[in-house]
Amino acid sequence: MEWQYTIYAYPTIFAAVASAIIFVYTLDFMRQRGQSPVALSFAALAVATTLWTGTTVVKLLAVDAGVKLLAYKVLHIGGTFAPPAFLLFALAYTDRKQYLNRKTVGAIFVVPSVFVLVLFTNPMELAYTGWDLSTTANGVRTLSVEDGPVSTLTFIYVFAALFAAFGVIGHHAIRLGKPFSLQAALLLTGMVAPTVIAVFEFTDTPPLAGGVNLVPASLAIPTMLYAIAVFRYKLLDILPIAYAAAGEHSTDGFIVLDSSETVVHTNDTAGNLLGTRRPLRGNAAADVIPAYDQLKRSDEPLDCQVQQAPNRYVEFTRIPLEQSYGRVGWVITVRDVTPRKQYELSLESRNDELEMLNRIVRHDIRNDMQIVTAYIELAMEDELVEPDGRPYLQTALTRAQNTVELTDALGQLTKVTNEDERLYSVDVGTVVSKVADSVRESHPEATITVASLPAAAILGNDLLESVFVNIIENAIVHNDADDPAVDVGLSVTEDVATVRIADNGPGIPDDKKKEVFGKGEKGLESPGTGVGLYLVDAIVTTYGGKVWVEDNDPRGARFMVELPLA
C-alpha cells in the first residue's frame with residue numbers, strides 16, 4: 001500500500017496516542033476502584049477520540065482512494081460519538097443523576113447510531129452525495145466528500161451536544177467558584193479549539209474552507225489538557241457536585257481560602273452563622289472571620305462569640321489543603337455550638353457558686369473544729385474529765401482532728417482539679433528537704449534520713465509539698481517498728497526526677513500496691529481520713545508524672561514518685 005507524508009499527521013498521531021493512554025488508564029482505574037458514571041463516560045469519550053484520530057491518521061497518510069473513503073467512514077464513528085460522550089461525561093461529572101439512566105443515554109446516542117448506519121449504506125445519498133480526490137499545493141492527496149442531508153443534521157446535533165456540555169460544566173464552574181475552576185478550565189478549554197475549527201469548516205468559512213480537515217489534528221489540545229487533568233489533578237477521583245451538595249445541605253458552614261488567605265468560596269450557611277449578608281468571597285480571611293489570627297496560631301478548634309449575633313457561638317476549625325507540590329489553601333469550617341457553649345457557661349457559673357460555697361463551708365467547719373479540738377485538749381490537759389471518760393474524749397478529739405484534716409485535703413483536691421491553677425518551675429530537692437524538716441518536728445519519734453539531693457526543676461506548684469508530706473507521714477503512722485525510720489533519696493536522669501521514700505514498716509501486700517492510691521483506702525487502725533494517697537496520685541498525675549509502691553529491703557515499703565523535668 002502506498003503512503004504519503006503530511007505534517008498534519010503529527011498532531012493527530014499525538015492525539016491518538018494520548019487518548020489511547022487515557023483510555024487504558026481509565027480502564028485500569030475502574031478495575032481498581034470500581035465502575036462509576038464519571039469513569040465510564042470518560043472511557044467512552046477516550047475510546048471515541050482514539051478511534052476518531054487513529055483512523056484520521058490512516059486517511060491522511062493513505063494514497064489509495066478506497067482506503068481513504070473507508071477511513072473517512074470509520075473516523076466518523078468516533079467523530080459523531082465523541083461529542084455526545086462528552087455531554088454524557090459532563091452530566092456524570094456534575095452528578096446530574098436524573099439524566100443518568102438507560103433511556104436518556106440511549107436517546108443521546110440515537111442520532112450518532114442512525115448516522116453511522118446511513119453513512120455505511122448511504123441510501124438515496126442521504127449521507128454523502130459524492131466524493132473525489134484532489135491534490136493540494138504541497139502535493140498532498142486529500143479526499144473531499146459532499147455531505148448529504150443526514151450528515152448536515154448530524155453535525156448540527158453534534159454541535160448542540162458540545163454546547164450543552166459546555167453549559168453544564170460552565171454553570172457548575174461559576175457556581176462552585178475557584179476550588180474547581182482549574183478543572184473546569186481544562187475541560188472547557190480543551191474543547192474550544194476543535195469546536196471553533198469545526199464551525200469554520202462546517203460553514204466553509206475562510207481560511208479553513210476546503211483542504212485538509214484540521215479538527216482531528218486540533219484534538220491534540222484537549223487530549224493534552226485532559227491528560228493533565230487526569231494524571232496530575234486526579235480528575236476521576238473528584239466529584240464536584242458532591243462537594244456542592246454537601247455545602248448546600250450541610251448545617252455547618254465552610255469557607256475556602258487560597259494560598260494568600262483570601263476567601264475564594266463559601267456556602268450560604270457560613271454567612272448565616274456569622275450573621276452577615278455581605279459577600280464573603282474576595283475578602284481577606286482576617287476581615288470576615290472573627291479571631292482569625294488566634295485561629296491561625298492554634299491547631300485546635302476555636303470557639304468564638306458572633307458580634308452580629310451576640311447570643312450565638314460558633315466553632316472554627318482550620319484545615320490545610322495540600323497538593324503534591326505544596327499547600328494551596330485552607331478550609332475553615334463553621335459550626336453552631338450555641339447550646340453547648342451556653343451549657344458550658346451555665347456549668348462555669350454553677351461551679352463558681354459551688355466553689356464559693358465550698359470555701360465558705362470549709363472555712364467555717366475548719367474554724368469551728370479547731371475551736372472544738374482546742375477545748376478538748378485543754379480539758380484533757382487540765383484533767384477536767386474523770387479517767388473513765390478520757391477514752392471518749394480522746395475519740396472525739398481524733399474525729400475532730402480528722403475533720404480538720406479532711407477539710408484541708410478537700411481544699412487541696414479542689415486546687416488539683418482547678419484547670420486555672422498555674423504551674424511553675426519548682427526544685428524537687430528543696431521541697432523534699434523542707435517537708436522532711438517539717439515532719440521531723442511533728443514526729444520526733446521517727447528517724448527521717450535525707451540523702452544529698454541534686455537539683456531537679458519540674459513544673460509544679462505548692463501542692464508538691466502535700467505529695468511528700470502525705471507519703472512520709474503515712475510511712476510513719478503505719479509503721480509498726482520500735483524505731484520508725486524513713487529514708488528519702490532523689491535521682492535525676494535526662495528527662496525525669498525520681499523521689500524514693502522507703503520505710504521499715506510492715507510493707508504493703510502485692511494485691512494492695514495499686515489499691516492504696518484509691519479514694520478511701522487506709523489501714524484498719526489508721527487515724528487518717530483515707531484521702532492522703534489518693535491526693536498524692538491526683539497531684540502527681542496533674543504534673544504529668546506517676547507514683548507507685550515497691551517492696552523495701554529488708555522490710556517495709558518504698559514509694560517511688562517520678563516527675564518529668566521542666
Side-chain angles (χ1 to χ4, degrees), residues 93-97 167-185 187-188 233 238-323 326-350 352 419:
Y93 179 72
T94 56
D95 200 32
R96 296 176 181 264
K97 295 180 179 179
V168 170
I169 296 176
H171 174 265
H172 280 276
I174 296 173
R175 183 182 178 188
L176 297 180
K178 195 170 182 178
F180 290 98
S181 60
L182 181 58
Q183 289 188 34
L187 293 172
L188 297 178
Y233 296 104
I238 298 174
L239 196 60
I241 189 63
Y243 167 88
E248 290 177 357
H249 297 94
S250 175
T251 56
D252 294 344
F254 64 84
I255 302 171
V256 182
L257 310 180
D258 62 12
S259 56
S260 64
E261 298 184 81
T262 299
V263 179
V264 295
H265 183 65
T266 180
N267 65 346
D268 294 337
T269 308
N272 294 335
L273 291 177
L274 295 179
T276 179
R277 294 185 177 276
R278 70 185 181 106
L280 302 179
R281 188 181 301 177
N283 291 287
D287 294 337
V288 295
I289 300 176
Y292 182 70
D293 290 337
Q294 183 179 351
L295 180 64
K296 286 174 57 177
R297 296 191 297 268
S298 175
D299 294 331
E300 300 297 326
L302 174 68
D303 289 348
C304 186
Q305 188 175 17
V306 180
Q307 293 181 352
Q308 290 81 355
N311 293 327
R312 180 184 301 152
Y313 292 85
V314 295
E315 177 189 81
F316 292 109
T317 303
R318 189 169 183 257
I319 306 169
L321 295 176
E322 306 283 352
Q323 288 283 0
R327 180 166 296 174
V328 296
W330 293 266
V331 172
I332 310 297
T333 62
V334 189
R335 174 168 295 177
D336 189 349
V337 293
T338 302
R340 188 251 293 172
K341 195 66 179 180
Q342 290 177 340
Y343 181 68
E344 290 178 357
L345 294 174
S346 175
L347 285 180
E348 289 178 6
S349 176
R350 188 177 303 173
D352 290 341
E419 294 181 356

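All values below were derived from every heavy atom in this structure, side-chain atoms included, with hydrogens, water molecules and symmetry-related copies excluded. All values reported here derive from a predicted model rather than from experimental measurement.
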- Return the minimal non-hydrogen interatomic distance between S260 and D258, and the atom names on each side. OG-OD1, 2.8 Å
- Message: So, taking the atom named CH2 in W330 and the one named NZ in K296, what distance separates them when rounded to the nearest 0.5 Å?
- Response: 7.5 Å
- Spacing of L321 atom CG and L257 atom CG [to the nearest 0.5 Å]: 8.5 Å
- Message: If I compare all heavy atoms of G253 with all of N267, which pair ends up nearest, and what's the gap?
- Response: CA-OD1, 3.4 Å
Can you give each donor-acceptor pair under 3.5 Å made by side-chain atoms of residues 332-340, sequence neighbours left out, with the distance rounded to 0.1 Å?
from	atom 1	to	atom 2	distance (Å)
R335	NE	D252	OD1	3.4
R335	NE	D252	OD2	3.0
R335	NH2	D252	OD2	2.7
D336	OD1	T338	N	3.0
D336	OD1	T338	OG1	2.7
T338	OG1	Y313	N	3.0
T338	OG1	Y313	O	3.4
R340	NH1	D303	OD2	2.7
R340	NH1	E344	OE2	3.2
R340	NH2	E315	OE2	3.0

- Item | Non-hydrogen atoms of I255 and A270 that approach each other most closely | CG1-CB, 3.9 Å
- Item | For V306 against G275, the heavy-atom pair lying closest together | CG1-N, 4.4 Å
- Which distance, rounded to the nearest 0.5 Å, do you find between the CZ of F316 and the CG of L273? 8.5 Å
- Message: So, taking the atom named CD1 in I289 and the one named CG in L295, what distance separates them when rounded to the nearest 0.5 Å?
- Response: 7.0 Å
- Qualifying residues under salt bridge (charged side-chain N to carboxylate O under 4.0 Å, His left out), relative to R312, sequence neighbours excluded: none
- Once you round to the nearest 0.5 Å, how far does OG1 of T317 lie from CG of D299? 11.5 Å
- Query: If we only count heavy atoms from C-beta on, is the L302 to R318 side-chain gap below 4.5 Å?
  - Reply: no
- Taking the side chain as every heavy atom from C-beta outward, state whether T266 and P279 have any atom pair closer than 4.5 Å. no
- Note on the structure: Rounded to the nearest 0.5 Å, the OG1 atom of T251 sits from the CG atom of N272 at a distance of 12.0 Å
